[in-house]
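Heads up, the thing below is written out as structure tokens.
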Amino acid sequence: MSDQRKPFPFADFESKWQQHWDEHKTFHTPNPGDEDFDASKPKYFILDMFPYPSGAGLHVGHPEGYTATDILGRYKKMNGHNVLHPMGWDAFGLPAEQYAIKTGQHPRITTEQNIDNFRRQLKSLGFGYDWDREVNTTDPNYVRWTQWIFLQLYNSYFNEETQKAAPISELEAQGWSREQIDDVRLAFIHEAPVNWSPSMGTVLANEEIEEWKAKGETVERRPLRQWMLRITKYADRLINELDPLDWPESIKLLQKNWIGKSTGAEVHFDIEAHQVTVFTTRPDTLFGATYMVLAPEHPLVQEITTSAQKEAVDNYIASCASKSDLERGDLNKDKSGVSTGATATNPVNGEQIPVWIADYVMMSYGTGAIMAVPAHDERDFEFANKFELPVTQVVEPNKGSDWQGFTGNGVAVNSGFLDGMKTKDAKKAIIQWLRDNNKGTFKVNFKLRDWLFSRQRYWGEPFPILWENGNHQAVPESELPVLQPEMDDFKPTGSPEGPLAKATDWINYSESSKRETNTMPQWAGSCWYYMRYCDPRNTDRFISKEAEEYWSGTSDASSATGMVDLYVGGTEHAVLHLLYARFWHKVLHDLGHVSTIEPFQKLVNQGLILGEDGAKMSKSLGNVVNPDDVVSEYGADALRLYEMFMGPLEQVKPWQMKGVEGVSRFLAKVWRLAFEQNQEGEWVLSSKLSHQEAASDHEGAQTEKELLKVLHETIKKVGEDIERLSFNTAISQMMICTNTFGKAEKLPVSLMPDLLKCLNPFAPHITEEINSRLPIAAANTMLCNQDWPTYNEAYLIEDEVEIVVQVNGKLRGKITVAKDAAKDEIEALAQKDENVIQHTEGKTIRKIIVVPGRLVNIVAN
RNA sequence: GCCGCCAUGGCGGAAUUGGUAGACGCGACGGAUUUAAAAUCCGUUGAAUGGUAACAUUCGUGCCGGUUCGAUUCCGGCUGGCGGUACCA
């Protein structure tokens with residue numbers, strides 16, 4: 001018995017079609033070399049950010065981007081493209097491991113259960129994915145190639161001359177020693193202060209700290225030996241090669257700011273027998289450097305501190321070390337510091353200036369030491385005022401503002417040979433002087449740090465690395481993948497070795513060599529998954545040459561710099577995933593493994609969906625909407641359509657359950673264009689769908705003309721709107737068309753297929769169902785396998801157009817004229833309008849502006 | 001603090017190149033159908049003023065100013081909200 005409350009029987013046919021697509025592999029995408037591959041079709045590679053399959057299941061935010069890409073993918077397919085639109089799982093990650101620690105259940109089991117649930121949910125929404133290309137970052141066949149890519153990094157260095165990665169074998173051929181080579185590898189071992197989380201027993205990347213802190217985990221600084229990736233070598237290219245990408249400017253800017261390029265100079269200061277180098281963006285203010293500050297962690301502090309100041313310095317360093325990052329940064333902007341008692345020599349004028357230590361200077365940026373120019377730097381100014389240090393003006397502002405704390409450009413004063421020079425020229429002059437006198441040089445600095453790549457966890461890719469006599473070496477490629485050993489105890493050891501160290505059999509690779517026990521971060525798998533989609537079952541390579549070239553589009557004439565045509569996902573990955581993936585892609589490009597220099601040509605960020613109360617959806621607020629509930633209540637088509645109708649894809653917007661009802665009502669109207677319920681409650685073909693093609697009388701011909709007009713307007717607008725991802729306005733147009741069709745006494749059945757084709761990418765189930773039941777020849781062919789309709793310009797043109805008449809810019813009347821009416825004719829007609837006459841009476845007409853087909857504006861006074 | 005984005009009816013939003021502001025949907029109100037309800041269909045719906053009415057006039061896209069025959073759209077100056085980032089030398 002069907003539920004009478006449902007306005008159309010979606011429950012009866014949605015799962016039926018989903019099963020049909022699954023069984024017939026309707027959305028299978030052929031690769032070069034496949035039987036059904038058609039080389040004449042252009043490729044379209046469309047990518048969703050693959051989800052982490054959490055235990056909570058799909059969130060309504062997921063189908064937002066996924067529906068958008070599905071619409072575009074189905075549309076491109078109907079337009080004759082070979083569409084690659086795959087899905088997969090970013091399945092390594094801490095939640096599964098934390099759950100394993102709590103319950104003892106292996107993370108692989110939890111992960112598989114969660115994936116099954118996610119896959120079921122996605123299939124219930126009818127997405128046209130090629131499920132044969134599903135990838136899973138935890139799959140041994142995937143891990144194998146993640147590790148292989150790591151070894152490419154490990155076996156490469158950055159050639160400064162070519163600005164490209166190159167194999168270390170080049171250096172071996174030149175006779176470099178092992179130590180020298182280890183110092184330049186793109187994947188290298190580094191002992192440095194890292195972000196250690198005692199609560200999780202692992203280190204974190206700089207980029208991850210805030211996220212985990214917000215979740216209540218603790219993070220502290222601790223010196224540790226870690227694997228790092230030399231992303232800083234690519235800093236310039238990561239900035240410059242953003243230019244040709246079709247990304248939101250705001251995301252490009254976010255990446256540029258994150259990389260944080262600043263140009264300036266290194267200046268060497270002598271402190272008795274020692275030399276300290278500082279970085280400054282304002283070398284032109286060197287004459288105004290009245291003191292110097294070292295970071296408390298600076299290695300030279302102990303050596304230069306005078307005995308009189310030793311106790312004060314030690315106390316200060318101890319107090320800094322005990323402070324959390326939060327206390328040192330956010331909460332406490334008050335300057336603090338202590339003198340070392342030492343003095344440095346200002347290289348440009350020989351002045352003896354005091355050397356202080358203060359925590360406003362960071363060891364992690366620049367050289368960990370600064371020259372303080374209090375007159376022209378806010379922080380130095382504040383510090384100098386607090387500790388009564390001298391302030392000397394060396395820049396004269398251009399526009400009479402106060403020089404104290406002035407940080408802008410101006411003219412150099414009190415600066416010897418620089419006096420009178422503009423800031424820009426003074427910078428050049430002083431750098432030349434520093435070079436000539438061996439006191440410094442031009443220098444570019446970046447905020448970007450090398451990428452801390454090792455984690456002390458179980459549920460991640462082990463490093464394919466062996467240790468012997470304190471030296472590391474790669475596991476032979478033939479032995480990949482290196483999988484985690486089976487273990488019952490996943491608890492972190494609390495030591496830098498991580499839980500794998502507990503697997504004593506596993507770590508002993510041979511009598512003399514042991515395995516690396518660290519694992520890779522979750523980013524590793526997500527850095528290259530889009531490539532694996534192109535050739536997911538390849539066992540010989542991470543991607544075949546043919547597949548790589550075809551899906552990169554380098555085989556055709558287009559000069560795309562990015563492999564993926566469109567990437568849709570959340571803005572939260574603006575600097576992490578999107579930067580890391582670009583870095584890996586460039587390395588693989590440099591080594592000749594991929595043909596494009598960038599992974600993602602066009603990027604679109606979907607906006608967050610808020611709860612009905614306008615707040616971010618969260619369990620604690622109880623405003624979370626579960627897609628499963630919406631599907632069972634209104635159907636998958638209604639959910640898809642609603643998420644697209646809410647507003648622009650990129651915009652943040654609140655959920656409204658009433659809105660779902662609205663689009664559901666629209667789908668019901670479309671359904672009732674074709675069917676009506678008989679006495680028995682069965683849906684039978686609507687009596688208004690007349691079979692006669694030509695209208696018999698004049699009135700009928702007139703309405704048929706109107707119906708054709710709205711239909712072809714819809715074909716035009718929906719196609720254009722899909723191309724520019726403006727789905728809400730496309731839906732609005734289809735609603736107009738449906739309303740017009742619904743009002744017609746008789747509806748030629750021949751008009752239905754084009755409307756259904758337009759709606760098909762948005763609401764694939766209901767449209768296929770209606771189509772399959774229509775008494776037409778094409779009922780046997782699925783809409784998604786048919787061609788996208790073309791509109792006929794002739795149906796759109798009206799014989800007469802309405803033109804607005806304004807007097808002095810204010811709307812005063814409307815006239816109807818022939819579409820090709822002459823300008824004079826329009827002007828004359830406009831001036832005959834009664835209301836227009838009233839408003840121009842007693843005035844002189846100065847000018848008449850005619851915008852053809854739109855308006856007439858009479859200027860009179 | 002700095003950088004970026006945004007601001008339109010009761011609500012979500014539309015206006016694509018400077019040319020009729022408020023498409024489409026929700027909600028609300030009135031009506032048809034119904035014993036009644038649900039569902040469905042029809043009509044009205046930015047505000048104010050005048051008119052029995054058709055209609056007309058004025059105001060109106062966060063605020064102030066500018067450019068223009070004409071500004072939601074362009075420019076300058078604010079205000080509020082959201083996001084990023086934060087002693088980066």
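It should be emphasised that the depicted structure is a prediction, and the values quoted were computed from it without experimental measurement. Both backbone and side-chain heavy atoms feed into the values below; hydrogens, waters and symmetry mates do not. Just so it is clear: chains get the letters A, B, ... in the order the sequence lines come, proteins before strands, and each one is counted from 1.
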Output yes when at least one side-chain N/O atom of A:N728 is less than 4.0 Å from OP1 or OP2 of B:A14, else no.
yes
Which value, rounded to the nearest 0.5 Å, describes the distance between A:C758 atom SG and A:D721 atom CG?
10.5 Å
Describe the nucleic acid contact of A:S726 in one word from base, sugar-phosphate, nothing, applying a heavy-atom distance below 4.0 Å.
nothing
Go through A:M371 and A:M292 one step at a time and tell me if the side-chain contact (heavy atoms from CB on, under 4.5 Å) criterion holds.
CA-CA 5 Å; A:M371 63 178 216; A:M292 179 180 217; 5.7 Å; no
On RNA chain B, compare the nucleotides closest to A:P654 and A:E720; which residue's is nearer the 5' end?
A:P654
Using whole Å, report how far CZ of A:F762 lies from C1' of B:C24.
13 Å
Integer angstrom distance from the C1' of B:A39 to that of B:U57
43 Å
Categorize A:G659 for me: base, sugar-phosphate, or nothing, with a 4.0 angstrom heavy-atom threshold over every strand shown.
nothing
Short of 4.0 Å, heavy atom to strand atom, which residues of residues 639-652 of chain A count as contacting RNA chain B?
A:F645, A:M646, A:P648, A:Q651, A:V652
Nucleotide B:G81, atom C1' - distance to NZ of A:K653 in whole Å
17 Å
Just to be sure I follow the notation: if a pair is Watson-Crick (purine N1 to pyrimidine N3 plus N6-O4 or O6-N4) or a G-U wobble (N1-O2 and O6-N3), each under 3.5 Å, what dot-bracket string does RNA chain B give, with | for pairs to another strand?
(((((((..(((......[....)))((((((.......))))))(((((....)))))..(((((..]....))))))))))))....
Just call it for A:K658: base, sugar-phosphate, or nothing, with non-hydrogen atoms closer than 4.0 Å on any strand.
sugar-phosphate
Salt bridge present between A:E720 and A:K717 (N-O < 4.0 angstrom)
no
Polar side-chain atom of A:N728 near backbone of A:M644 as donor-acceptor pair, under 3.5 Å:
no
Taking only the C1' atom of each, what is the distance from B:U61 to B:A56 in whole angstrom?
24 Å
To the nearest Å, give me how far apart CG (A:L855) and C1' (B:A21) are.
14 Å
Suppose you measure atom C1' in B:G77 against the same atom in B:C24; what distance do you get, rounded to whole Å?
36 Å
N/O to N/O distances under 3.5 Å, protein versus nucleotides 9-11 of chain B:
| unit_1 | atom_1 | unit_2 | atom_2 | d |
| --- | --- | --- | --- | --- |
| B:C11 | O2' | A:Q656 | NE2 | 2.8 |

Assess, by modelled atom type and distance only, whether the side chains of A:T340 and A:Y316 contain a donor and an acceptor separated by less than 3.5 Å.
no
Enumerate, atom names and distances included, each donor-acceptor pair closer than 3.5 Å involving a side-chain atom of residues 847-859 of chain A, sequence neighbours excluded.
| unit_1 | atom_1 | unit_2 | atom_2 | d |
| --- | --- | --- | --- | --- |
| A:N857 | OD1 | A:N808 | N | 3.4 |
| A:N857 | OD1 | A:G809 | N | 3.0 |

Compare side-chain N and O positions of A:T729 against OP1 and OP2 of B:C24 and report whether any pair is under 4.0 Å apart.
no
Which way is the base of B:G9 turned, syn or anti, if we draw the line at 90° from 0?
syn
With a 3.5 Å distance limit and no angle check, can you tell me whether A:N605 reaches the backbone of A:E650 through a side-chain donor-acceptor pair?
no
Residue met sooner reading RNA chain B from 5', once A:A369 and A:L253 are mapped to nucleotides
A:L253
Sorted by number, the residues of residues 737-744 of chain A with heavy-atom contact under 4.0 Å to RNA chain B:
A:N739, A:K743
Side-chain N or O of A:R672 closer than 4.0 Å to phosphate OP1/OP2 of B:A39
no
Can you tabulate the close N/O pairs, meaning under 3.5 Å, that link protein atoms to atoms of nucleotides 50-58 of chain B?
| unit_1 | atom_1 | unit_2 | atom_2 | d |
| --- | --- | --- | --- | --- |
| B:U57 | OP1 | A:R812 | NH1 | 3.1 |
| B:U57 | OP1 | A:N835 | ND2 | 3.3 |
| B:U57 | OP1 | A:H839 | NE2 | 2.9 |
| B:U58 | OP1 | A:R812 | NH2 | 3.4 |
| B:U58 | OP2 | A:R812 | NH1 | 3.2 |

Sugar-phosphate, base or nothing in reach of A:I370, heavy atoms under 4.0 Å:
base
